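Quick notes on the structure that follows.
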Amino acid sequence: MKLYRVLQSQGFGSRKGSMARIRAGEVAVNGVVCDDPESEVDPARLELTIDGVTWPFREKTYVLMHKPAGYECSHHPRHHPSVFSLLPPPLLQRGVQCVGRLDQDTTGLLLFSDDGQFIHRMISPKKGVAKVYRAVCADPVSEAMLDALRSGVQLNDEPSPIAALACDRLDERTLRLTLAEGKYHQVKRMIGATGNRVEVLHRESIGCYVLPVALRPGDWRWLETEDLKQLEQPWPSAMS
Ligand code: URA
């Protein structure tokens with residue numbers, strides 16, 4: 001593959017822009033500066049260094065973020081900054097999308113990708129990829145509330161009651177809820193349907209993949225092959 005095409009594919013600008021950067025000596029291929037845009041490179045074993053940052057070649061983009069509170073999962077945010085403003089320009093240029101959305105006040109595990117099939121697999125209810133949330137409620141978590149969430153609660157505009165895959169009380173006002181779907185405001189609406197109210201919401205995991213503790217709010221990182229396998233493990237076998 002020609003070097004300028006690699007740059008383009010990785011989100012480093014248009015054809016013309018990529019060629020100009022290479023000619024200007026801004027690009028190193030596996031540690032060696034290369035100023036010929038037409039030189040042939042093997043994407044399989046390729047690391048590009050641009051502006052002092054090294055980027056391994058990635059055919060598709062899969063990243064995770066620890067979403068902070070106060071950010072909207074939208075390219076056109078209305079009241080808060082966008083989660084996309086926390087990603088570097090090459091990822092935006094590649095057209096990454098959120099894999100499902102979190103509310104602006106929800107924190108935790110958020111995925112991004114430019115692989116439409118992956119996004120579909122992760123969010124389609126038919127695929128059953130579990131999403132695990134920790135919710136702090138306004139009122140104490142009662143046994144009756146847990147029973148209702150486990151057996152199914154009726155939400156407006158839904159044809160039939162929706163049940164959590166699992167639901168456990170963590171402390172007086174906190175519960176962990178596992179869902180197979182990602183409907184609009186689903187956790188808040190389900191808990192609301194029991195007569196309680198969510199005060200704080202955090203997504204802990206997707207599939208068998210848990211948000212790494214070392215990743216601070218606002219930080220992102222690449223998902224590697226092993227991470228992707230964990231993400232796609234269906235619940236509950238993933239948890240056993
Ligand atoms: N359910 C909600 O209510 N909000 C979220 O952000 C995610 C799931």
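Numbering of ligands and ligand atoms starts at 1, following listing order. Model, not experiment: these values are computed from the prediction.
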Distance to 0.1 Å, residue and atom name: give those for the protein heavy atom nearest to [atom].
atom                   : value
atom 1 (N) of ligand 1 : V187 N, 3.1 Å
atom 7 (C) of ligand 1 : Y133 CE2, 3.6 Å
atom 4 (N) of ligand 1 : D103 OD2, 2.7 Å

key: Residue pairs passing the side-chain hydrogen bond (donor to acceptor under 3.5 Å, both in side chains) test where at least one lies in residues 139-151, sequence neighbours excluded   = none
inquiry  = Is a donor from one side chain sitting under 3.5 angstrom from an acceptor on the other, for S74 and S82?
reply    = no
Side-chain donor-acceptor pair present, R58, Q10, cut-off under 3.5 Å = no
ask   = With a 4.5 Å heavy-atom cut-off, do F118 and Y62 have their side chains touching?
value = yes
query = Heavy atoms, side chains only, cut-off 4.5 Å: are E204 and R176 in contact?
reply = yes
request  = Answer yes or no: does an N/O atom from R189 fall short of 3.5 Å to an N/O atom of ligand 1?
outcome  = no
Which atom pairs, donor and acceptor, lie under 3.5 Å between side-chain atoms of residues 27-37 and protein residues at least two apart or in another chain?
unit_1 : atom_1 : unit_2 : atom_2 : d
N30    : OD1    : E47    : N      : 2.7
N30    : ND2    : R45    : O      : 3.1
D36    : OD1    : E38    : N      : 2.9

Any idea which atoms of ligand 1 are less than 4.0 Å away from a heavy-atom of [X]?
X    : value
L102 : 6 (O), 7 (C)
K188 : 2 (C), 3 (O)
T106 : 4 (N), 5 (C), 6 (O)

task = Check whether any heavy atom of Y184 sits under 4.0 Å from an atom of ligand 1.
result = no
Within reach of ligand 1, part of V198 (heavy-atom separation under 4.0 Å) = neither
key: Main-chain N/O of P140 paired to E172 side chain as donor or acceptor, under 3.5 Å   = no
